[in-house]
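Structure first, commentary second.
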Amino acid sequence: MGSQQSRPSSTRTRKSSLRSSTGSIRSRRSFKLKQHQQQLLPPSLYEDAAATIASTHSKQLLQQTQQPSPKQKPPDQLDVPSPLGQHLQRQYQRPPRHRSRRSSPSRSDLSRTYSVLSSSSSSMSSMAWSGGLLSQLEATCSAITNTTDFSSRFSSAIQQPKEPWPELAISIPTTESDGERAILTASDILAQLESHPASDAFHIFKRAISPDNKTEFFQAASAWYTQHPECNIAGVSVARCLLYGWGVSANPAAGLSQLRELATTKGAWEAYIPLAEYYNDNHIHQDAIHWYTRATEADEMEIVGFAQFRLGEISAMSQEDQALEWFKKSAKSGNRYGQFMLGINYQYGIGGTKDLVLARKYLLASAEQELADAQCALGIFYYEEVEDPVEGRIWIDRAVEKNNGWALLFLGHLYETQGQYGRAIELYKTAATVADDAKAQYHVGLQYRRGTMGLPQDYKEAVRYLSRSAQHGYAPAQRMLGLMYAQGLVEDRKNDRMAFTLFRQAASQGDVHAMCMVGTSYEMNNQDDLALEQYRRAARIVSPFRAAAQLLTGLILLKMGRLRDAYTFFKDASAADVKNEADKLILHKSQLVLARYSLHGWAPVPYDPCAGFQALQALATSAGETRSTGEVFYWLGTCYEEGLEGVCEPELAKAFECHLKAAEAGHMDSAFKVALALATQRRDRAGAFPWYEKAAALGHPIAQYTAGFYHVKGIAGVPIDLKKARGHFESSAVQGYVPAMTSLAALCRKTVLHGSSVRKNQHKLCSQMVYWYKKAAAAGDAVAQRDLAMLYGSGLGVKQNYEAAFDLLTKASQQNDTRAILLLGSYYQNGIVAETNLEKAMALYDRAAKLGAPT
């Protein structure tokens with residue numbers, strides 16, 4: 001394994017010097033951009049969300065510009081609804097299907113990116129993982145604080161019902177609530193048809209249908225249509241039963257054919273809406289528009305009003321003004337959905353006109369027709385616009401009586417803000433189960449995930465609720481469920497493929513957090529171009545998290561060496577409004593990178609060390625206890641350590657003070673520098689050990705390697721503990737630190753040769769020993785080459801192979817490894833592989849002696 005003097009001296013270098021690998025100020029002119037960490041640091045408290053996203057970007061710590069990536073924690077995220085006007089342009093669109101053929105990140109890379117929650121690390125990239133989103137939620141912050149935002153709730157009034165029953169698809173005003181309607185048998189329906197004139201057939205069939213009498217309804221419609229083929233509504237009812245399988249085996253082809261025949265041949269206006277609904281549901285919009293337009297000429301005003309509403313809905317995808325006109329016509333026709341949407345348009349000024357008087361008028365008209373969403377909207381209108389909570393609560397309660405998900409969420413939130421968590425959770429669960437509300441399912445699942453609001457931490461329940469919400473296409477639930485798959489909380493092991501699939505589903509709906517997570521996944525898989533595409537998408541979206549996405553975009557551009565492009569994004573991120581601590585963190589991070597532009601003279605910023613140093617000092621003053629403290633003091637300490645011409649002389653005492661502050665804040669590289677300074681400058685190995693341990697815990701490979709040596713050699717009174725040493729060596733080796741590979745292999749060899757459990761673990765230890773020796777030897781480590789040659793010569797753990805041993809000894813001797821030179825000399829002396837050559841053997845022995853080999 002080598003001596004303490006020879007090995008730890010390499011702690012002064014990673015591949016060249018520690019200074020250059022961690023970001024030397026003096027290297028500003030020749031600085032080569034290498035891989036380094038990045039993070040997304042969205043706000044910790046917005047309308048209904050707090051979020052922290054980060055990414056770990058470097059596979060090999062030795063290639064980083066700033067500091068190595070520790071194992072990170074996952075960002076658990078909540079949603080922030082999109083702006084209302086933007087949403088209305090998209091609200092009627094079903095989520096697009098993601099059909100990307102691009103390769104997905106490997107399992108191992110995703111595992112590193114979305115590791116299970118563990119202790120926090122304070123380097124800038126690790127801070128976002130220290131507890132993730134969940135740790136960023138304020139105690140008083142509800143995940144649904146902004147339930148008053150209509151943009152996330154419009155669809156409940158206009159989406160296709162889960163079972164497309166005619167009455168639900170056609171809005172018919174009624175004085176009865178939906179739950180008060182009597183369930184009719186086939187005989188009851190036929191009796192009503194017999195006792196009423198033919199002109200009443202439409203209303204009889206409309207009122208007869210119920211999810212609980214599918215078979216009875218079909219039997220009555222079929223019997224009546226057989227007796228009265230001129231009754232179009234009976235034929236339409238039979239066709240719809242065939243189309244959707246109501247009370248009869250589904251036969252969509254026959255049902256659709258019959259509807260088309262009734263509409264085209266007989267001109268049955270009763271068939272227009274069912275045909276339009278079918279085409280709309282299957283995204284055949286031109287045919288849907290055709291039949292909705294035909295329906296506006298129907299004899300029944302109820303049909304006309306509903307068709308006008310649907311045309312407004314479709315128009316809202318691209319033409320707000322035209323949509324508003326259709327909603328006006330629908331409202332005038334008495335359609336409760338049209339009235340509701342018109343009220344919302346007037347309340348929020350969608351389409352250009354904000355009129356609270358008209359908003360109240362149309363919301364009230366819709367609410368009085370027992371539309372639960374309108375009742376809830378009117379209640380919230382009184383809470384927010386009129387500030388009349390008494391009247392508002394009346395309407396909210398009426399919607400709650402109908403188990404309206406939106407109203408249940410709003411009322412639950414009222415109780416939650418009052419600290420009545422039990423009642424709040426009860427309402428949320430009702431919304432999630434009875435109303436099958438996706439947002440409520442997400443919220444309940446989140447509380448089970450967190451173990452908050454009086455609920456136990458129950459991953460199984462969390463997955464159950466989140467899965468249901470994700471199935472509805474709710475992007476935040478897809479993202480959260482993806483995180484749980486990545487963390488191994490859904491199955492017995494991590495499932496990064498499923499996690500990545502869920503992230504992409506959420507991202508395809510415009511979820512900013514998910515876009516960044518997809519980008520991070522690509523970046524961890526060294527697909528930087530694809531990662532940049534995702535980050536840029538997120539940065540273009542106007543949202544509370546735009547600055548965070550801009551920061552991520554700038555960081556990956558910086559990593560790619562595109563300094564000018566990156567600079568623009570850092571400037572934009574640094575100019576964002578600061579509303580909370582998370583915003584402040586984004587600001588500090590952006591300003592820190594901009595300060596480094598001046599320190600290094602990165603284009604397009606001229607070299608100005610004075611400006612850069614002053615910016616660092618200002619950040620050190622303003623950082624306070626934020627999570628940017630560590631990185632700010634790290635760079636300030638580096639300035640004092642190296643000195644800046646005309647600005648500050650090298651002052652190791654001040655450098656140590658800054659690195660100590662950064663290390664106390666959890667900065668990995670600074671923790672290592674503190675340890676190194678104590679061990680080398682102050683000759684305090686005992687005092688250095690805790691800092692080596694801290695840096696090792698944060699993921700620093702050289703610190704891990706050095707801490708392992710403390711346990712192997714018992715340095716500074718540290719107890720010898722080969723198990724701990726092996727753990728440290730392995731942690732360092734898997735990050736690519738070659739000396740740790742050799743030391744780990746040597747430790748395995750020592751255990752194999754002298755350990756008490758040789759027989760039980762010999763095969764496993766031999767495999768590890770050979771694996772790491774080979775890996776280190778391939779990386780050019782002379783000690784590993786020599787030791788591996790000895791294994792080949794003795795046949796320990798490998799098949800005896802003198803030729804391989806000879807080649808390895810030759811390579812090691814070329815690096816002046818004295819033991820390798822001596823062994824190579826013995827090969828020539830004894831004629832092993834090479835012909836006996838005593839002269840050459842003596843020359844090698846003499847060379848080894850001159851290099852200090854013991855005689």
Side-chain angles (χ1 to χ4, degrees), residues 1-11 13 15 705 708-709 712-713 722 725-726 729 733 737-756 758-759 761-855:
M1 287 183 285
S3 67
Q4 175 65 10
Q5 285 77 18
S6 63
R7 285 301 184 203
S9 66
S10 64
T11 59
T13 61
K15 274 200 170 179
Y705 168 74
F709 249 99
V712 168
K713 299 291 186 179
L722 298 185
R726 186 184 303 156
F729 287 153
Y737 192 56
V738 176
M741 299 177 190
T742 303
S743 296
L744 178 58
L747 197 57
C748 290
R749 185 184 66 181
K750 179 179 179 180
T751 307
V752 168
L753 294 175
H754 306 293
S756 60
V758 171
R759 292 182 181 178
N761 299 315
Q762 187 172 21
H763 180 72
K764 179 179 179 181
L765 288 170
C766 283
S767 297
Q768 287 183 324
M769 171 185 68
V770 173
Y771 172 81
W772 288 113
Y773 269 140
K774 285 184 175 180
K775 200 167 181 67
D781 186 83
V783 175
Q785 291 168 342
R786 175 241 298 162
D787 286 358
L788 184 58
M790 294 171 66
L791 295 185
Y792 278 118
S794 65
L796 178 63
V798 293
K799 185 177 180 179
Q800 195 172 51
N801 187 332
Y802 290 117
E803 288 79 4
F806 184 85
D807 289 340
L808 286 164
L809 288 173
T810 300
K811 291 178 180 178
S813 67
Q814 290 170 354
Q815 299 185 60
N816 290 330
D817 183 274
T818 56
R819 291 181 63 188
I821 295 172
L822 290 171
L823 287 169
L824 186 61
S826 71
Y827 271 60
Y828 281 106
Q829 179 183 351
N830 296 295
I832 302 174
V833 179
E835 292 184 3
T836 301
N837 189 332
L838 296 180
E839 183 179 348
K840 194 161 189 177
M842 288 300 296
L844 287 167
Y845 293 150
D846 184 57
R847 178 185 165 203
K850 290 179 179 178
L851 289 171
T855 57

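The figures here come from the full heavy-atom set of this structure, side chains too, leaving out hydrogens, waters and symmetry mates. Numbers here simply count residues along the sequence, with the first being 1.
Atom CG of L838 is separated from atom CD of Q829 by 6.5 Å, given to the nearest 0.5 angstrom. Interatomic distance, CZ of R847 versus CG of N816, reported as 5.0 Å (0.5 Å rounding). Between the CG atom in D781 and the CG atom in D817 there is a gap of 9.0 Å [rounded to 0.5 Å]. Interatomic distance, M769 CE to K764 NZ, rounded to the nearest 0.5 Å: 14.5 Å. Atom CZ in F729 sits 8.0 Å away from atom CG in L744 (nearest 0.5 Å). Atom OG1 of T818 and atom CZ of R786 lie 7.0 Å apart (nearest 0.5 Å).
Between L796 and R749, the closest heavy-atom pair is CD2-CG, 4.3 Å. What you find for A820 and S813 is that their closest heavy atoms are CB-N, 3.9 Å. The two atoms that bring Q785 and K811 nearest to each other are OE1-C, 3.6 Å, heavy atoms only. Across every non-hydrogen atom of G708 and A725, the tightest pair is O-CB, 3.4 Å. Taking both residues in full, the closest heavy atoms of G825 and A841 are given as O-CB, 3.3 Å, listed atom of the first, atom of the second, then distance. When all heavy atoms are compared, the tightest approach of W772 to A745 is CB-CB, 3.9 Å.
Y737 and Y705 have perpendicular rings, their planes meeting at more than 60° on a 0 to 90° scale where under 30° would count as parallel. Classified by interplanar angle (parallel below 30°, tilted 30° to 60°, perpendicular above 60°), the ring pair Y827/F806 is tilted.
Salt bridge D846/K850: present, at least one basic N to carboxylate O contact under 4.0 Å.
Counting only distance, with no hydrogens or angles, the side chain of Y845 and the backbone of S826 share a donor-acceptor pair below 3.5 Å.
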